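Quick caveat, the model's predicted, so the values are computed rather than measured. First the proteins, then the strands, lettered A, B, ... as listed; each starts at 1.
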Amino acid sequence: MANQLKLEIVTPEATTFSDSVDMVTLPGVEGEMGVFPNHVPLLTQIAAGEIVARKDGRDLFLAVGEGFVEITGERVAVLTDMAILAENIDEAKAEEARQRAEARLREKLSDDEAALVNASLAQSLAQLKVKRKHRA
Amino acid sequence: MPSTRDIRRRIKSVKNTAQITKAMQMVAASKMRKAQQAATAGRPYASLMNNVLAEVTHHVGDFTHPLTEKREVRKRAVILVSSDKGLCGALNGNLLREAARLPKEGMLFITAGRKASQFVARTRRPLAAEFTYRDAPMFSEARAISKFAREMFVTGEVDQVDILYTNFVSTLSQQPAVVTLLPVGEIKGVSAGVHGESLSDDLLKGPTEFLFEPSAGEVLGGLLPHYLNYQIYQILLEAKASEHSARMVAMKNATDNAKQLIKDLTLEYNKMRQAAITNELLEIASAAMALG
């Protein structure tokens, strides 16, 4: 059996990440979840947060938006609205996006709009969290 | 026999036309590049989602969701995705020919794009809703269409929802395609139709059972609407890429034709001019001879 996982992170704009890794930590809706090779097949939702991919003893960090994850024994497929590697996060931009989203939330919004703004707020918060945690 | 002045006037007018078509060609070419990029960039996501959903619906067992419910088809709705403007060759013609072929009974139309609305109005077919989408389609525009279609399906107003659009194959080739959106269920490559590859068999033979977290109902309840939204979004991108490609090619042809026409007319014009000069010389020579 394979003792590596094929991790694919795909957003509508591009395939952000596609590589073999030893272990993945996902921000599941019911809490953080670590996935090793030969995991039972599972379909789950993730919340905006941080994905940690461990490869050869090194950890890679990505900020992701909400989405879906399909796990089979040898593959982890992540479908999400946003995915960005920690070192590519632009903190100033994320902070600006967060403030914009918060300002929008104070306006009167329909349910659909509010859900959208909340999602983008969660995305920028996830980026900020990942960036600040891993600042060297 | 037209006079030289007529021909000169004609050349001038053809030149003007060529200038316009050339400008439109340039604009379409730059928009085409962007639209094609957007359409192809979205494909990995769409295809991964198709695979996931196909695998999952295959293994989910006897779970049902309102959006997967299969009923006897009494009423159908078709979402017709066309361009807003013409001057793009046979693009809309081909699409609407397909639309005209659909049976008239028990058929409702939902349109996206002005040409589709005009077609439905002209042929007096029942129109359920009219949507618009921009040059760079927005996800929210797709969501609006998807939401409307879902509601019609769930309330039982229609029993099936199809979408008719132009699939982008390459710059030179765009094909009308029909995909069934609702009920979601037969995902065997439905949606692989978006880019023409079919699901491999071993994919469906994969693991025998899936776990769901938090629960099958919740995960699919979130995934299915998202799948539809995204499917429609991808289709809008494909339609836009097709439109700009078709327009670019049509305008290029028009420019080439105009240039050819100018060449022919100029030749004709020069011939006539030469004939006139020869004639005049002849007249002078013969007059001189008669006098001498």
Side-chain angles (χ1 to χ4, degrees), chain A residues 1-2 6-18 26-35 37-48 64-83 104 109-117 119-120 123, chain B residues 37-60 63 137-144 146-148 202-227 229-234 236-237:
Chain A
M1 286 295 267
K6 176 107 176 100
L7 173 65
E8 278 186 72
I9 302 178
V10 184
T11 64
E13 286 88 35
T15 305
T16 311
F17 189 91
S18 177
L26 302 166
V29 280
E30 298 196 320
E32 208 160 83
M33 183 169 74
V35 181
N38 303 324
H39 195 282
V40 287
L42 174 75
L43 187 75
T44 185
Q45 279 177 289
I46 55 168
V64 293
E66 53 190 46
F68 301 90
V69 183
E70 183 208 34
I71 300 165
T72 61
E74 65 271 10
R75 197 168 71 109
V76 176
V78 182
L79 287 167
T80 173
D81 303 340
M82 175 203 82
R104 281 274 282 158
L109 298 173
S110 69
D111 288 355
D112 277 2
E113 283 172 325
L116 264 183
V117 175
S120 69
Q123 282 179 13
Chain B
Q37 214 167 22
T40 40
R43 282 175 183 181
Y45 189 84
S47 91
L48 185 60
M49 183 140 58
N50 291 333
N51 287 359
V52 168
L53 208 61
E55 228 168 1
V56 166
T57 45
H58 194 73
H59 297 300
V60 73
F63 172 81
M138 304 270 292
F139 194 65
S140 52
E141 287 158 343
R143 197 170 32 227
S146 155
K147 194 172 168 206
F148 184 81
D202 53 303
L203 192 93
L204 297 179
K205 274 190 232 118
T208 44
E209 226 171 282
F210 260 90
L211 290 178
F212 290 91
E213 206 180 276
S215 70
E218 268 177 67
V219 174
L220 281 182
L223 186 56
L224 287 173
H226 183 67
Y227 162 79
N229 291 348
Y230 196 75
Q231 200 69 13
I232 292 179
Y233 178 61
Q234 181 68 27
L236 293 184
L237 291 180

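- Within 6.0 Å of atom NZ in K147(B), 12 or fewer heavy atoms from other residues, nucleotides or ligands are found, so the atom counts as exposed in its surroundings.
- The OH atom of Y45(B) lies 5.5 Å from the CG atom of D81(A); values are rounded to the nearest 0.5 Å.
- A pairwise comparison of heavy atoms in E218(B) and Q45(A) identifies O-OE1, 3.8 Å as the closest pair.
- Atom CZ of R75(A) and atom CG of N51(B) lie 6.5 Å apart (nearest 0.5 Å).
- Ranked by heavy-atom pairs shorter than 4.5 Å toward chain B, the options L79(A), T80(A), T44(A) are led by L79(A).
- Screening L43(A), L42(A), V69(A) for a side chain to side chain contact (heavy atoms under 4.5 Å, CB included) with V219(B), the sole residue that qualifies is L43(A).
- Interface residue Y230(B): only side-chain heavy atoms are found under 4.5 Å from chain A.
- Within the 4.5 Å cutoff, the side chain of T15(A) has no heavy atoms near those of the L48(B) side chain.
- Annotation: side chain of H39(A) is not in contact with side chain of L211(B) (no heavy-atom distance under 4.5 Å).
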